[in-house]
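Along the sequence shown, residues carry numbers from 1.
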Amino acid sequence: MLPTLLGVCLVLAFASLGRWQLGREDSKREQLAAADAALAGPPLPLAHVSGLADPGPVRVEGSGTFLPTPRLLLDNQRRGPQVGVRFYCAFQPEAGPALLVDLGWRPIGPDRALPEGGCPLGRHGVSGLLVPPPAVGLRLGPGLVEQAGGQGWLATRLEPAAVSAAWRLPSPLSPRVLRLDPALPLGYERDLALLANTLPPEKHRGYAIQWFGLAVAALVITVLLNLRRRP
């Protein structure tokens, strides 16, 4: 009885993981389709949409001023085979709340020395894709730590509300961030790929097939154990 119960639990668990992976695939395909649609349309004024909580990507353009805040580096960001950090700086549009701007990616060596570079200053015109912050995985340890020697702040997850509190800003940052257009003469290496640091949809389908395969294997083993005649 106990082996049968264990086998049924394994079948259900493996099947649930497979369905979860298929759900992740569908979600990411929807994100990519929404980003493609936004990039194909005309840009909206950044000052009018920066404070909206709509999770979908929006193509925007506008002008404003970079705030004199420390730089924020998001850790464990891949670009191809290399690992590095993404630079974020606070930007105040002509209207609406300030928001974090993704200025691009810089590599980090084995010694984990943070790269040089700071935030732009003064007034600038910006354009790009307004999107939710990068997805948060497991919330292990502090998500935001101030670095010594004026190196700014290092984040393991990007949470605008937490950044607002850490920087003691007079008003909260926008819940969305601006992925800066690569054509602008600001920042570092970057693109507008939404899933640059995570698994593509095809990977999730592959994992789903593996989980469903394990579910089938567990089911077959359970059935065979129950059909086996005991002496």
Give the cluster check for Leu5 versus Ile221: same hydrophobic cluster or not, with ILVMFWY residues linked at side-chain heavy-atom distances below 4.5 Å. no
Atom CH2 of Trp105 and atom CZ of Arg79: how far apart are they, to the nearest 0.5 Å? 7.0 Å
Just wondering, do Gln21 and Trp211 contact through their side chains at under 4.5 Å, heavy atoms? yes
For Tyr88, give me all partners under ring-ring contact (aromatic ring centres under 6.0 Å, His included), at least two apart in sequence or on another chain. none
What pairs of donor and acceptor atoms, side-chain ones from residues 89-99 against any protein atom, are under 3.5 angstrom apart with sequence neighbours left out?
residue: Gln92; atom: NE2; partner: Gly96; partner atom: O; Å: 2.8
residue: Glu94; atom: OE2; partner: Ser63; partner atom: OG; Å: 2.7
residue: Glu94; atom: OE2; partner: Arg123; partner atom: NH2; Å: 2.6

Where do Asp181 and Glu61 land on the side-chain contact (heavy atoms from CB on, under 4.5 Å) test, with the steps shown first? CA-CA 10 Å; Asp181 188 336; Glu61 66 178 8; over 6 Å; no
Can you tell me how far CG of Leu22 sits from CG of Leu17, rounded to the nearest 0.5 angstrom? 11.0 Å
Under the side-chain contact (heavy atoms from CB on, under 4.5 Å) test, which residues partner Leu169, sequence neighbours left out? Thr69, Ser164, Trp167, Leu173
From CZ (Arg190) to CZ (Arg86), nearest 0.5 Å: 9.5 Å
Any chance you could measure Leu154, atom CG, to Leu144, atom CG, to the nearest 0.5 Å? 8.5 Å
Are any of the side-chain heavy atoms of Leu180 and Leu129 separated by less than 4.5 Å? no
Quick check: do Tyr207 and Glu25 have side-chain heavy atoms less than 4.5 Å from each other? no
Rounded to the nearest 0.5 Å, how far does SG of Cys119 lie from CG of Leu103? 6.5 Å
Non-hydrogen side-chain atoms of Leu73 and Asp75 separated by less than 4.5 Å: no
Kindly give the heavy-atom pair with the smallest separation between Ala215 and Val11, and that separation in Å. O-CG2, 3.6 Å
Hey, what do you get for CG (Leu46) to CZ (Arg59), rounding to the nearest 0.5 Å? 13.5 Å
Could you tell me whether the side chain of Pro107 reaches within less than 4.5 Å of the side chain of Pro115, counting heavy atoms only? no
Would you call Val83 and Ile108 a side-chain contact if the rule is heavy atoms closer than 4.5 Å? no
Could you tell me which non-hydrogen atom of Pro160 sits nearest to which non-hydrogen atom of Ser174, and how far apart they are? CB-O, 3.4 Å
Would Asp102 and Leu178 satisfy side-chain contact (heavy atoms from CB on, under 4.5 Å), going step by step from the backbone distance to the final call? CA-CA 6 Å; Asp102 180 357; Leu178 177 62; over 6 Å; no
Pair Leu114, Gln151 - check side-chain contact (heavy atoms from CB on, under 4.5 Å), show working. CA-CA 8 Å; Leu114 297 178; Gln151 291 288 302; 3.6 Å; yes
Is Arg71 reaching over with its side chain to a backbone N or O of Gly117, donor-acceptor style, under 3.5 angstrom? yes
Any chance you could lay out the side-chain contact (heavy atoms from CB on, under 4.5 Å) test for Val177 and Leu158, step after step, and finish with the verdict? CA-CA 10 Å; Val177 300; Leu158 192 63; 4.0 Å; yes
When every non-hydrogen atom of Pro133 is compared with those of Arg176, the smallest separation belongs to CD-CA, 4.4 Å
Parallel, tilted or perpendicular: which fits the ring planes of Tyr188 and Phe87, with parallel below 30° and perpendicular above 60°? tilted
Any sub-3.5 Å donor-acceptor pair from Glu159's side-chain atoms to Arg157's backbone N or O? no
Beyond-backbone contact of Phe14 with Leu10, side-chain heavy atoms, under 4.5 angstrom: yes
Between Leu130 and Leu184, is there a shared hydrophobic cluster once you connect ILVMFWY residues whose side-chain heavy atoms come closer than 4.5 Å? yes
His124 versus Leu186: any side-chain heavy-atom pair under 4.5 Å? yes
